[in-house]
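First the structure, in the form of C-alpha cells, and then the observations on it.
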Amino acid sequence: NAGVTQTPKFRVLKTGQSMTLLCAQDMNHEYMYWYRQDPGMGLRLIHYSVGEGTTAKGEVPDGYNVSRLKKQNFLLGLESAAPSQTSVYFCASSYQDRGRGNTEAFFGQGTRLTVV
Amino acid sequence: AQSVSQHNHHVILSEAASLELGCNYSYGGTVNLFWYVQYPGQHLQLLLKYFSGDPLVKGIKGFEAEFIKSKFSFNLRKPSVQWSDTAEYFCAGGTNTGNQFYFGTGTSLTVIP
C-alpha cells in the first residue's frame, strides 16, 4: 500500500503563476483534506471533501480551489500564486467508523511550495 | 468554536528526562483525540489515539496519553526521552459526528544527548 501520495514534492512558482497539487490515496477513504503548515501556526485546514464530488471550505480557503472528481484523488489548485502561499502543503485522508466518527488521518509526505 | 490548544511551544530536555506535553480541547460531545509526531522533514505520523474506554492510552515508541474529561485534557507523556524523540508533536481532536480534525499549533521537542 502506498497510502497517501502527493505530487510534486517541491515546486517554485513565480507570483501570478498557477499550479495544481495532486493527492492520491489507495485506502478507499471517504474523507480527504488539504492543510498548510507554517512555522508557529501548526496545521490549518484549507479545504476538505467528505466524498466524491463534494468539497467544503476549511479555515483558510481563500486563494485555493479544490476538486474531487474521483474518490481516490483530491486536487488543490492555486489560480494566481502569491508569496503568502509559500508553505508546506499536506494532504490527508480518513474514514468514518460507525459510532466512533472520524478515525485517524493518514498524511502524505508534503509538498514544499515557494512563491517568489 | 471547536479548538485544540497546546501550551508548550518549545521544550528542551536532556536524554532520560521525563516528558509531558499539554493538550486541551474546547468542545463537548463525544470527543476523539490524537497525538501525532512529525520528525524533521517528514510527514505527520500517528502516535496514539483515544475514542472511548480506558482513559490511559498507550501508543508507539513508549508514549502514552491520559484523557481527563473534567479537565478537557489529553496530555502526552513519556517516562524517559531519547535523542531520537526530537520532533514536532501535534495534538488533534475530532468528534463522533464531525468530519474535521482540529489541530493544535504543535510543540517542538529537542532532546539533548
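Computed from a predicted structure; not experimentally measured. Proteins get letters first, then strands, A, B, ... in listed order; numbering begins at 1 in each.
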ILVMFWY cluster, V66(A) and V50(A) together (side-chain gap under 4.5 Å): no

Interchain contact, L46(B) with chain A, by part (heavy-atom threshold 4.5 Å): side chain

Side chain, backbone, both or neither of Q96(A) within contact of chain B (heavy atoms, under 4.5 Å): side chain

Same cluster (ILVMFWY, side-chain, under 4.5 Å), Y89(B) and V11(B): yes

Bottom line for Q6(B): the part with an atom under 4.5 Å from chain A's heavy atoms is neither

Of all of F101(B), F90(B), F103(B), which one pairs up most often with chain A through heavy atoms under 4.5 Å apart? F101(B)

Under a single-linkage definition using a 4.5 Å side-chain heavy-atom cutoff for Ile, Leu, Val, Met, Phe, Trp and Tyr, are V115(A) and L76(A) assigned to the same hydrophobic cluster? yes

Taking salt bridge (charged side-chain N to carboxylate O under 4.0 Å, His left out) as the cut-off, I'd like each qualifying pair that reaches into residues 38-47 of chain A, sequence neighbours left out, listed once. R36(A)-D38(A), D38(A)-R44(A)

Option in G58(A), G108(A), A105(A) with maximal non-hydrogen atom pairs under 4.5 Å from chain B: A105(A)

Within one Ile-Leu-Val-Met-Phe-Trp-Tyr cluster: Y39(B) and L19(B), side-chain cutoff 4.5 Å: yes

All heavy atoms of T103(A) vs all of F51(B), minimum pair found to be CA-CZ, 3.9 Å

pair M41(A)-T105(B): side-chain heavy atoms closer than 4.5 Å: no

Suppose we call two aromatic rings close when their centres sit under 6.0 Å apart. Are F107(A) and Y36(B) close by that rule? yes

With a strict 4.5 Å heavy-atom criterion, list every residue of residues 85-94 of chain A that contacts chain B, or say none. F90(A), S94(A)

Less than 4.5 Å apart, any side-chain heavy atom of Q38(B) and any of Q37(A)? yes

Could you see if Y31(A) belongs to whatever hydrophobic cluster contains L75(A)? Use Ile, Leu, Val, Met, Phe, Trp, Tyr and a side-chain cutoff under 4.5 Å. no

Holding to salt bridge (Lys or Arg N to Asp or Glu O under 4.0 Å), I want the full list of residues that pass it with E79(A), two or more places apart in sequence or in another chain. none

In Å, rounded to the nearest 0.5 Å, how long is the span from CZ of F106(A) to CG of L44(B)? 13.0 Å

Examine whether an atom of L43(A) lies under 4.5 Å from a heavy atom of chain B, and if so say whether it belongs to the side chain, the backbone or both; otherwise answer neither. both

Keeping to residues at least two apart or across chains, list the salt bridge (charged side-chain N to carboxylate O under 4.0 Å, His left out) pairs with something in residues 9-28 of chain B. none

